[in-house]
Enquirer: 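Quick one: the structure is below, questions incoming.
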Amino acid sequence: MTHIDYIDSFYKHTMVPALSPLTLNGLVQVDVCIIGAGLAGLTAARELLKAGKSVVLIEGNRVGWGASGRNGGFVSDGYAQGLGALERQLGVAQTKALFDVSRLGTNYVQQAVSELGARGVRPQEGWLRVSRYSNEDRLQRDIDYFNSVYGTAYGYWPKERVREHLVSELYFQGMEDPEAFHIQPLNYALALAQDIRQRGGQIYEGQQARSLEKSSGHWTVRCEGNGHVQAGSVLLCGSAYMQDLYPKLERAVLPVATYVMTSEPMAHQLSHAIRYAGCIGDTRRAGDYYRLVEDSSRLLWGGRMTTRRSQPQALASMLKKDILSIYPQLGDFGVDFAWAGLMGYCLHKMPVLREMEPGLWSATATGGHGLNSTATIGMLAAEGIAGLSDRHRLFEPFDAQWGGGPIGRMGTQLVYWGLQMHDWWDEWRS
């Protein structure tokens, strides 16, 4: 195996020791081969092992190396696509069924952290979403609707309460989800990997899958070097990082970069600005998301979106400027970590969870809402492969549609800029 390290991020800075990587040599035969050891693949592997299946995971880098170990760490119900848009497409009944399985994903993460005694994950409850313009009546109506139709427990925060906890004149009313929480996602991925090993699963890191071949009764996954896996079923979980393996799926998944930074320790400054320990985000279409970490001594902040794969040189200063526009009282603080990550995004903003052809499955493209959605699609893919349920069929409306290639990426970028303009207009009118 070629040595591959994790990117320099706050999560690497606080990660627990990882298991020693295994190298794939020769032929391995199993029931299921999973490509991609992010959270969807890890969840599916764990559940398949519970169901009595033999499992191999193939990972081109390290466990949780991609979006699963670089994200904001938020765990909450729902998907990248909003419930209103899903209702217009599918109706209320099917949208509620999809929302209910998304809640199972949120619960799965919470229970797994507890069951595994996952070190360094440090869950913290609560998610406060705040408006950048006065929106009292609409927000209260939305909260009442979601609570009555979807069984949520959202709470309304008036402007005065919001500004008591988030000391900024840019914020108005808010909605709190007490069932959401945040975690250190890389350590959660490593805890899942350790459990998979203990259950007899095999995880091969630094092994890029190079080809996928179908034979009578099985699939063969050939990796770089002389390693290859024969399996009755294959599950594709590579998201934005999978290339030259199964073009129909790869062409549907647009790689979209988002950015995260973590401040230097500055507990005193933060105490004068942010007095909420849970997740925080705004209700803009192209919003910021952030949380306090390391016993509220650091600020972890995420935002922006681009279809470029490269990380801007001015990433830290760009995000710092966004922060100071909201919390100028933080002053000229230092940035200790700044990084980019690629998320897999489909035009319909929903995961692609289905049997692509007999024995070949996909569970991928959670589109920036991954920590609950990866658990959901990992669980449901495992149930489908093991023949335990057909709940994966809830996702049949969301096929692997061609994403438009470079034109699709350009279109996605233009949509994001358009959302920013809509946000600016709403705030200006307010």
Side-chain angles (χ1 to χ4, degrees), residues 1-6 11-12 14-70 105 108-122 183-209 221 223-225 227-239 241 361 363 370-371 374-375 377-379 381-383 385-386:
M1 166 188 152
T2 303
H3 177 73
I4 299 168
D5 201 1
Y6 291 95
Y11 297 137
K12 180 185 176 183
T14 56
M15 70 181 283
V16 298
L19 294 172
S20 299
L22 302 177
T23 301
L24 177 63
N25 289 307
L27 171 64
V28 176
Q29 294 178 304
V30 287
D31 295 324
V32 185
C33 177
I34 299 174
I35 299 175
L39 291 173
L42 293 165
T43 303
R46 183 171 184 251
E47 294 307 298
L48 284 163
L49 289 163
K50 288 182 184 180
K53 302 296 183 181
S54 56
V55 180
V56 157
L57 283 93
I58 302 296
E59 169 56 49
N61 295 290
R62 301 294 304 275
V63 165
W65 183 89
S68 292
R70 306 188 191 194
Y108 184 95
V109 177
Q110 192 171 46
Q111 291 171 9
V113 170
S114 176
E115 290 169 3
L116 300 176
R119 292 184 298 152
V121 175
R122 307 185 71 178
I183 62 172
Q184 209 275 32
L186 179 56
N187 283 342
Y188 173 57
L190 294 173
L192 290 175
Q194 183 174 25
D195 187 56
I196 288 164
R197 285 266 195 100
Q198 290 173 347
R199 293 175 183 273
Q202 303 169 70
I203 305 174
Y204 295 104
E205 300 175 83
Q207 303 288 316
Q208 197 72 43
V221 179
C223 301
E224 56 189 8
H228 57 290
V229 179
Q230 283 187 356
S233 299
V234 171
L235 176 60
L236 303 174
C237 299
S239 194
Y241 293 91
W361 292 71
L371 284 178
T374 47
I377 62 176
M379 279 192 296
E383 290 175 4
I385 293 169

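Note that the structure is predicted; figures quoted are calculated from it, not measured.
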Enquirer: Using side-chain heavy atoms (C-beta onward) and a distance below 4.5 Å, is Q202 in contact with V30?
Expert: yes
Enquirer: Return the CD to OH distance between E115 and Y108, rounded to the nearest 0.5 Å.
Expert: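 If we round to the nearest 0.5 Å, E115:CD and Y108:OH are 7.5 Å apart.
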Enquirer: Roughly how far, to the nearest 0.5 Å, is CD of E205 from CD1 of I203?
Expert: 7.0 Å
Enquirer: Give a yes or no on whether the backbone of V63 and the side-chain of Y6 come within a donor-acceptor separation of less than 3.5 Å.
Expert: yes
Enquirer: Within the 4.5 Å heavy-atom criterion, are E383 and E47 side-chain neighbours or not?
Expert: no
Enquirer: Where do I183 and P185 come nearest, in terms of heavy atoms and distance?
Expert: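 Minimum heavy-atom separation between I183 and P185: O-CD, 3.2 Å.
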Enquirer: About how many Å separate CZ of R46 and CG of L57, when rounded to the nearest 0.5 Å?
Expert: 13.5 Å
Enquirer: Test your reading of the model: is there a side-chain donor-acceptor pair from W65 to the backbone of D5, 3.5 Å cut-off?
Expert: yes
Enquirer: Look up atom CD1 in I34 and atom CD1 in I385, then write down how far apart they are to the nearest 0.5 Å.
Expert: 6.5 Å
Enquirer: Starting at CD of Q207, measure out to CD1 of I4 and round the result to the nearest 0.5 Å.
Expert: 9.0 Å
Enquirer: Any donor-acceptor pair under 3.5 Å linking the side chain of D31 with the backbone of K53?
Expert: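 No.
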Enquirer: Is it the case that the side chain of Q184 and the backbone of Y11 share a donor-acceptor pair, with hydrogens and angles ignored and the cut-off at 3.5 Å?
Expert: yes
Enquirer: Once rounded to the nearest 0.5 Å, what's the spacing between atom CD1 of I35 and atom CH2 of W361?
Expert: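 Rounded to the nearest 0.5 Å, the CD1-CH2 separation comes to 15.5 Å.
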Enquirer: For the side chain of N61 and the backbone of G66, is there at least one donor-acceptor N/O pair under 3.5 Å apart?
Expert: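 It does not hold such a pair.
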